[in-house]
Number of protein chains: 2
Amino acid sequence: MPKKVNHEQRRNRIAEAAWQVILEFGMEGATVRKIAEKAGLSLGALRYYFSNQEDLILYAMRLVKERAAERIKQILHRDGSPKQKMLDVLLEIVPTNPQTRAEMEVWFSFVGYARHHPHLLKEEGDGILAAIQLMFGYMETNGLLRPGIDKQLEIERLYAMVDGLALHAMLEPERLTEKQVEKVIASQLDVIFE
Amino acid sequence: MPKKVNHEQRRNRIAEAAWQVILEFGMEGATVRKIAEKAGLSLGALRYYFSNQEDLILYAMRLVKERAAERIKQILHRDGSPKQKMLDVLLEIVPTNPQTRAEMEVWFSFVGYARHHPHLLKEEGDGILAAIQLMFGYMETNGLLRPGIDKQLEIERLYAMVDGLALHAMLEPERLTEKQVEKVIASQLDVIFE
DNA sequence: AATTATTTAATACAATTGTACTAAATAATT
DNA sequence: AATTATTTAGTACAATTGTATTAAATAATT
């Protein structure tokens, strides 16, 4: 009998508004009022979809992760050599355009926020390490790893490099172009792949 | 005629109190009241030393950087091979104990905070890239670089790896022990040094 | 058209915030 | 001891916060 409002879609639109507010004002500036305004809703309407602020933030952040995971899954399903796919996946993680840069910034805001909100501490990480470990496992079983390398060490090296690049690409986009990022990652993949 | 209070020392004590509050409650929880309480001062007393919150935060963060820079300078003045000194410097940057981990966390809080506070945006970065560039320059003039390497690329690789490790050591201290960090950094230095 | 489940709007409230202000206390100098 | 520059304590205030509550509006079903 009720209206035909798509609940999930509406919640996602609110979450996207939250991203924008976080992007513009940081986590401290992400008030329910600002988010409601950005989403074009009244305070009461917003409260109908999220009973409190923490729930909203949590939902918004899960959505960031979900969207990124989706894109990465797409890449993995494409054709191409394992090495090329791995490069593409890592290039998707390191933000090199305004869209992914914004996502990364929102994600970092959330990580900082969650550290001081016990309810959110149990949330899993970003899954990047797990993804890299998975890819290494695949490479090993298919004999693609360069002989003689220390697998655990190389996982740690690549993981650190990717997150470091991601951080730098977010903080200094003008200095770290996509071309440079690609060069750095490719050089590291050359160390790993036979 | 006045009291013999050491102004700078008192300001530093307040800044250290701010660190503790930021560490415990995050940047959003770093209210002037909490900082005053942690420093054992009244609100009015605190206001005597810092006329507003932003000044206090800025001072506190400059002090973090200053302290770290001091420790690194100490390392550079020690005896030892260039390679060993470089390893020690980078190990000082990556937090592997509660003290430096706390500093790193405060620093990251500040970086996130500054991005949304125009007054602070002109503050310089952490100087890590500059330090690495300096060390590479020294190595090059002294013929310590492995022949045939791409200097700019290796600077970018090392910089990303160090900051990535720093991030991971801060977020997952139980997973990334000091021994592991040292192994990762050393392996990268082996790539660079002849 | 009447009913009813759902959605929105608007306002209120208690708590917390940064900052301002005033009076008191303190200690070094005269 | 008196004076005076400096420091502290305490309170107040306006603004903003998250959340709660209420009544109204909306649209699908009967």
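Every chain is numbered from 1, with letters handed out A, B, ... down the list of sequences.
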Paired with B:Asp88, the side chain to side chain donor-acceptor pair (under 3.5 Å) test is passed by just one of B:Lys83, B:Gln74, B:Arg78, namely B:Arg78
Taking atom [atom2] of [N] as reference, at what distance in whole Å does atom [atom1] of [X] sit?
X	N	atom1	atom2	value
A:Asp55	D:dT19	CG	P	9 Å
B:Glu8	D:dT7	CD	P	14 Å
A:Glu37	D:dG18	CD	C1'	17 Å
A:Met27	D:dG18	CE	P	11 Å

inquiry  = Taking B:Trp107 as the starting point, is it possible to reach B:Ile128 by hopping between hydrophobic residues whose side chains are less than 4.5 Å apart?
reply    = no
Here the pair of heavy atoms bringing A:Ala30 nearest to A:Ile22 is CB-CG1, 3.8 Å
Of all heavy-atom pairs linking A:Leu46 and A:Val32, the shortest is CD1-O, 4.1 Å
>> I want to check one thing: is the phosphate of D:dT8, taken as OP1 and OP2, less than 4.0 Å away from some side-chain N or O of B:Tyr48?
In response: no
Using OP1 and OP2 only, check whether a side-chain N or O of B:Tyr49 sits under 4.0 Å from D:dT7. no
For residues 130-149 of chain B, the side-chain hydrogen bond (donor to acceptor under 3.5 Å, both in side chains) pairs (sequence neighbours left out) are B:Glu140-B:Lys151
A:Glu92 atom CD, neighbour heavy-atom count above 12 within 6.0 Å: yes
So NZ of A:Lys38 and CH2 of A:Trp19: to nearest 0.5 Å the spacing works out to 14.0 Å
*Counting distance only, does the side-chain N/O of B:Lys85 pair as donor-acceptor with the main-chain N or O of B:Leu76 below 3.5 Å?*
yes
Applying the Watson-Crick and G-U criteria (both distances under 3.5 angstrom) with [ ] for crossing and | for other-strand pairs, one obtains for DNA chain D ||||||||||||||||||||||||||||||
Please enumerate all protein N or O atoms sitting under 3.5 Å from an N or O of nucleotides 15-20 of chain C, with distances to 0.1 Å.
from	atom 1	to	atom 2	distance (Å)
C:dG18	OP1	B:Gln53	NE2	2.5
C:dG18	OP2	B:Val32	N	3.2
C:dG18	N7	B:Arg33	NH2	2.5
C:dG18	O6	B:Arg33	NH2	2.8
C:dT19	OP2	B:Gln53	N	2.8
C:dA20	OP2	B:Arg47	NH1	3.4
C:dA20	OP2	B:Arg47	NH2	2.0

